[in-house]
2 protein chains.
Amino acid sequence: MTSRRVLTGSKQVSLEVIKRLSSYLRDLKTLENNGVTVVSSGSLAELLGISSVQFRKDLSYFGPFGKKGVGYNVCTLTAKLTELLGAGDCMGFALAGAGKLGSAIIQYSSLQRFNIKIMAAFDSDRRKIGKKIDGLVVADAKDMETTVRTMGLKIGVICVPAKAAQQVAERMASAGIIAVLNFAPTEIKILKKVHVSNVDICVEIEALSYFVRQSAT
Amino acid sequence: MTSRRVLTGSKQVSLEVIKRLSSYLRDLKTLENNGVTVVSSGSLAELLGISSVQFRKDLSYFGPFGKKGVGYNVCTLTAKLTELLGAGDCMGFALAGAGKLGSAIIQYSSLQRFNIKIMAAFDSDRRKIGKKIDGLVVADAKDMETTVRTMGLKIGVICVPAKAAQQVAERMASAGIIAVLNFAPTEIKILKKVHVSNVDICVEIEALSYFVRQSAT
DNA sequence: TTATGATTGTGAAAAATAGAACAAACATTG
DNA sequence: CAATGTTTGTTCTATTTTTCACAATCATAA
Ligand SMILES: NC(=O)c1ccc[n+]([C@@H]2O[C@H](COP(=O)([O-])OP(=O)(O)OC[C@H]3O[C@@H](n4cnc5c(N)ncnc54)[C@H](O)[C@@H]3O)[C@@H](O)[C@H]2O)c1
Ligand SMILES: NC(=O)c1ccc[n+]([C@@H]2O[C@H](COP(=O)([O-])OP(=O)(O)OC[C@H]3O[C@@H](n4cnc5c(N)ncnc54)[C@H](O)[C@@H]3O)[C@@H](O)[C@H]2O)c1
């Protein structure tokens, strides 16, 4: 894993921390909906399946949010984390490859609750172009650069076959995309300033297989 | 991230290493198909977007596979890694939630090339039960325990809504599943001996959003 | 055959991450 | 109000992961 780090004031925080903060926020929202008003790092950590120190440590990169002897106000902390992660204003993204996985993601309703919204989807297959998925019309991949640039999109999700992934990523980058979530089972080599997160389901399952086989002996 | 470790002989190797080995194997197969017979850690690392030391170090946990001054025989290394990861014999898995994401995974053809095969899919929705997806008939979630146990499946993939994930995971565990890939945006609390890998796409994109916003300033 | 250059494998150093420990702050109870 | 118990925030310590540095090995070409 290439550990990219992000500046926050004077400190540097790893994206791993950011991902955890995001999952904290996710569960805090659930608590909020359940009417919980105050929570301690201990009980929240138990909910999250992590240690309470890790929770407090992660928060500490961004300042004190709790009250000693009491815990955290769920509402306040939710608001602070939302602001911190910039999850308040909607972030749009572009998706390439409106196939099986791509369609699922287009229709992935949870993204809305995260203020993440798909703004454009592209495909090179004539049978896919023009198709309406969940209200979004799939556009011609040829128009990707123009549209992405016009809309000012910064995040790209790659759901095209492996052999097309590199080229698609490059085109996205040239259109102003600076962060990519890649589902294709291949590594993308691209400008340093573009951040690439890979999710390779085959690799995930293969690793689990290894674990299973080890457990068997 | 809970860092689970696996025994190999006397050494302990983290699952992160295993995942990387899996991605090495993935790219080695591509090289093999392209007729490349010998490769150095340097050129392969460049292909993988990592450092050559990391590649060699990862391999070193399992023994020497290369020839000094020359490099690695692609064919041999592929075979060794395949054996090491146990990727030679097919590993079956069970999937819960044959919805949008679940269907995409059922139809995910690349898994076959990894010798990973879906053996059973379950859903609780009457409209989904009995449906044939890519030749596989979706079974009633009620029968999950029995079927999973009978088939001796060890890996479970969770594609059900968040609120059902915990219960589904527990039922999988009770049926003998010891490794779970969870796509639901919630943490699963379960017996220590069951390994849970989480893939939360919302969290991934939210982290990218943070990166994007940071880059803007 | 002998130098030269390339590349591996690994112990040791460095960096990053996680964890423990504890003082400071607050609430509560008597 | 004082004593006690709780919980945070943070420093310090331990562990894990990554990177460096280099001896050992091999091919090649003089
Ligand atoms: N199906 C899954 O569950 C799954 C899971 C994980 C990863 N993936 C990966 O995601 C990618 C897509 O998988 P899928 O199952 O949806 O395949 P798919 O064939 O259903 O979809 C791929 C789509 O990409 C389009 N495409 C091809 N080249 C393109 C280009 N240059 N520009 C724009 N669009 C292009 C195709 O027309 C097609 O619609 C693959 O790399 C696959 O390995 C799939
Ligand atoms: N759609 C995506 O691209 C996407 C991406 C990442 C994660 N996810 C997550 O994956 C999960 C599924 O997402 P989806 O978009 O496919 O939703 P979906 O509603 O299309 O599918 C969920 C399926 O689970 C079934 N189900 C519900 N309870 C069940 C139970 N107890 N046992 C068995 N089956 C049950 C439902 O009948 C449905 O068919 C959700 O947790 C979602 O957050 C989805």
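Within every chain, numbering begins at 1; the chains are lettered A, B, ... in the order of the sequence lines, protein sequences first and strands thereafter.
B/K57 has its NZ atom 12 Å from the C1' atom of C/dA14, to the nearest Å. If you take CG of B/L59 and P of C/dT7, they are 16 Å apart, rounded to a whole angstrom. For B/F65 and D/dT25, the CZ to P distance is 19 Å, given to the nearest whole Å. As rounded to whole Å, 14 Å separates atom P of C/dT8 from atom CG of B/D58. Atom C1' of nucleotide D/dT13 and atom CD of A/Q54 are separated by 16 Å, given to the nearest angstrom. Atom C1' of nucleotide D/dT18 and atom CZ of B/R20 are separated by 9 Å, given to the nearest angstrom. The CD atom of B/E16 sits 13 Å away from the C1' atom of C/dT17 (whole-angstrom rounding). Protein atom CG of B/L44 is 19 Å distant from nucleotide atom P of C/dA6, rounded to whole Å.
In this structure, A/F211 and B/H195 have tilted ring planes: the angle between them lies in the 30° to 60° band.
Ranking D/dT10, C/dA18, C/dC26 by closeness to the A/K67 side chain, first place goes to C/dC26. Distance from the side chain of A/S14 is smallest to C/dT17 among C/dA21, C/dT17, C/dG9. Of the candidates D/dT18, C/dA18, D/dT8, D/dT8 carries the atom nearest the A/S40 side chain, counting heavy atoms from C-beta on. The nucleotide whose nearest atom lies closest to any side-chain atom of B/K68 is, among D/dT19, D/dA24, C/dG19, D/dA24.
Checking the phosphate oxygens (OP1, OP2) of D/dC26, no side-chain nitrogen or oxygen of B/Y72 falls inside 4.0 Å. The side chain of B/S41 places an N or O atom within less than 4.0 Å of a non-bridging phosphate oxygen (OP1 or OP2) of C/dT8. In terms of phosphate contacts, B/Y61 brings no side-chain nitrogen or oxygen within less than 4.0 Å of OP1 or OP2 of D/dT16. The shortest distance between the side-chain N/O atoms of A/R56 and the OP1/OP2 oxygens of C/dA18 is not below 4.0 Å.
Screening B/V160, B/V148, B/V168 against B/F122 for a side-chain contact (heavy atoms from CB on, under 4.5 Å) leaves a single residue, B/V148.
A donor-acceptor pair under 3.5 Å links the side-chain atoms of A/N115 to the main chain of A/G88, judged by distance alone.
Of the two residues contacting DNA chain C, namely A/V70 and B/V70, the nearest-nucleotide position lying further toward the 5' end is that of B/V70.
Side chain to side chain, A/S174 and A/R171 fail the donor-acceptor criterion of an N or O pair below 3.5 Å.
Aromatic pair B/F55/B/Y24: ring centres closer than 6.0 Å.
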